[in-house]
Amino acid sequence: MTIGTDHRYELVSTRPRLEQVVRRCRELGQTALDFETTSLSPADGEVRLVSLCNEEIHAVVDFWAIKGRFAGCASLFDFGSWVVFNAGFERRWFQAAGVKRLDILDVGHLRRSVVGGGVFRLLDMARWDLNLTMDKEQQLSDWSSPDLTQEQLDYAYLDADVTWRLWRKWSKALTTDLGWQGFKVFNDMVPAVMEMEDTGIFLDRKAHTVLLASWEAEKVARVTRIRELVEDSDVRNINSGRQWSEYFSRIIPDHFLAGWPRTEKSGDLSVTGVALRGLAGRVPGTPLETLFDALAEYKTVTKYISSFGQPLLDRASKDGRLRARYNIGAAITGRFSSSGPNLQQVPRDKDILGVFTSVRKSFVAPLGRLLVSLDYSGIELRVLALLSGDKQLLKDMVEGDVHSEVAAVMSGSPIDRSTPEGKSLRQSAKAVSFGIVYGAAASGLSATMRTDEERAQGYIDFWSARYPDAFRYRYTMLDEAVRTGKIRCVDGGSIEVGYKPALPKLANYPVQRAAFSVMSGALVAHKASLDTERAAGRQRMTRMISTIHDAIIDEASTQDAASCLELMRGAMVAGYLKYFPGAPTERLVEGGIGKSWGELA
DNA sequence: AACGAGCGCGCG
DNA sequence: AAAGCGCGCGCTCGTT
């Protein structure tokens with residue numbers, strides 16, 4: 001008897017019994033399944049144990065006792081429905097054994113579809129949802145030992161047992177087909193995500209090393225300038241915000257300090273790049289201006305060095321590729337996160353310290369191949385228009401440049417994007433529209449736009465008059481949340497927000513979620529169409545390699561790149577129409593083909 | 001030495 | 001009355 005479980009389990013160590021057990025599982029429909037393996041990857045390990053649990057079957061299979069081991073028996077699992085925690089793990093082992101015509105249902109994704117996304121472990125779900133404390137001590141034990149201990153076997157069984165109980169619990173929360181569709185939004189992305197994670201993206205180490213060296217030189221120059229003005233005894237560590245706060249508090253007059261923003265918790269002077277640049281403008285021609293500017297530039301360049309320099313070089317594999325994780329439903333809204341490294345935060349091409357800088361040019365296609373990428377254009381405003389039924393907002397999105405349209409309304413006449421005034425007006429309009437999507441009030445918007453509250457309120461009034469349905473939609477969602485404690489999402493899932501939610505979250509969650517849903521449909525459709533093409537001998541070298549919220553990136557051989565782009569376009573349009581049937585598709589996606597991520601045209 | 005809070009900043 | 005959203009990660013600094 002194992003601690004915390006309802007049942008005894010059977011140790012299966014013969015092929016005939018394994019066949020009986022798996023056949024029965026397939027007859028019963030769904031079965032929780034958990035692997036214990038001798039390493040984390042099929043490339044250098046083996047499946048030792050498979051634990052199985054449903055209403056009738058409670059078993060642990062020791063594959064080392066069975067002829068052919070896991071690889072020789074894996075096909076028995078084909079055509080079954082297996083419930084797991086973290087589907088990518090089990091699916092990779094099945095895939096390595098040539099088994100892929102099976103359903104793998106991730107109980108974590110089931111939870112995400114009901115309460116909203118998040119990052120959690122099986123033991124977290126056990127604690128939250130079953131009030132059960134799990135001990136993961138055995139997880140890293142030696143699963144290649146000839147004789148496994150009782151503790152190891154019990155541990156292996158417990159995971160399947162817990163997984164099954166969680167599945168039973170959360171299945172009950174889904175009473176409609178629509179609810180199950182919400183689950184599939186997450187679950188069906190697993191194969192596409194595996195392709196991106198396993199392929200990785202090629203890093204031009206040589207180019208990136210040169211880039212890093214240039215940043216190091218810029219850093220040295222800033223340190224020199226800062227040290228000409230501030231001695232080591234005043235600020236020992238240039239990286240330390242607290243030391244800067246203490247120093248500035250000491251040397252700067254109170255009337256000047258009064259306008260300096262403070263940090264949230266400790267109340268120190270907030271030493272951010274934006275604050276420093278703003279303050280520099282208040283003391284023109286003084287050494288303080290030089291110091292503020294040098295410090296702001298130091299912060300920029302050290303950010304690039306510490307986040308996008310050596311860490312990227314260090315993480316590249318021997319084959320030159322960088323493999324990040326794409327964590328499905330990691331954000332509460334359902335969006336992906338990326339980690340190890342986070343490839344969703346690689347800097348865009350822009351001037352830093354007055355120099356054009358492209359980190360994305362370090363991400364390249366290997367010889368004979370090209371990168372292919374499309375992104376949804378203004379997808380959040382577009383889905384806001386569709387969710388709220390705002391005809392004017394949709395019209396402005398479809399017919400042209402929505403930010404210019406808003407700018408024209410705000411300023412009272414059409415704007416010219418080629419002039420500095422036009423650009424500035426458009427930029428302001430963009431800030432207003434984003435502010436609305438984020439639920440900003442006049443106070444927050446005025447801070448972002450660096451204007452007074454009265455003017456910010458005027459902008460909001462303009463916006464709400466032009467797009468009344470979109471503006472009102474946010475309050476509709478707030479009302480629903482106050483009544484039900486959750487919001488229902490366009491894809492059939494829901495997000496729990498509690499009964500006292502504030503407007504900004506409620507304004508943003510349904511919009512961010514719907515944009516994600518659209519992308520989810522696109523990723524699944526794109527993976528399916530690539531699989532079909534590859535099975536027919538086309539797009540043989542094409543691989544999905546990344547997704548960055550509203551963008552998909554593939555790598556394709558030179559001759560396949562153009563048709564790959566069209567497949568991607570089709571999938572992205574399909575993902576959008578899946579949730580917004582009949583919606584206009586003009587100007588929906590944009591992007592291109594190039595040798596690097598920085599050169600997609 | 002390891003860990004977490006706090007801050008800041010890169011992205012969409 | 002409270003009201004710009006969502007992430008991951010590097011760094012500092014106090015605690016354990």
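What you are looking at is a predicted structure, and each value in this text was computed from that prediction instead of being measured. Residue numbers begin at 1 in each chain, while the letters A, B, ... track the order of the sequences.
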How long is the span from the CZ atom in A/R335 to the NE2 atom in A/H549, to the nearest 0.5 Å?
4.5 Å
Heavy-atom protein contacts under 4.0 Å, nucleotides 1-11 of chain B, coded B base, S sugar-phosphate only, - none
-----SSBBBB
What are the residues of residues 233-249 of chain A, sorted by number, that bring a heavy atom to within less than 4.0 Å of DNA chain C?
A/N237, A/N239, A/S240, A/R242, A/Q243
Is NZ or CZ of A/R111 both nearer than 6.0 Å to the six-membered ring centre of A/F183 and within 45° of the ring axis?
no
Quote, to the nearest angstrom, the P distance that separates C/dG4 from B/dG12.
23 Å
Please report the shortest heavy-atom distance between A/G575 and A/Y579, naming the atom on each side.
O-CD1, 3.5 Å
With a distance cut-off below 6.0 Å to the six-membered ring centre and an angular limit of 45° from the axis, does A/R277 pair with A/F292 as a cation-pi contact?
no
A/D232 with A/R227: basic N within carboxylate O range, under 4.0 Å
yes
Given Watson-Crick and G-U pairs under 3.5 Å, DNA chain C in dot-bracket ([ ] crossing, | other strand) is ....||||||||||||
Got a salt bridge between A/D268 and A/R262, using NZ or NE/NH1/NH2 to carboxylate O under 4.0 Å?
no
So that I can tick it off, tell me whether A/R488 and A/E480 are bridged by a salt bridge, with the cut-off set at under 4.0 angstrom between side-chain N and carboxylate O.
yes
Identify whether any heavy atom of A/F336 sits under 4.0 Å from a base atom; if not, whether one sits that close to sugar-phosphate; answer base, sugar-phosphate or nothing.
nothing
Between A/V437 and A/S339, which residue's closest nucleotide on DNA chain C lies nearer the 5′ terminus?
A/V437
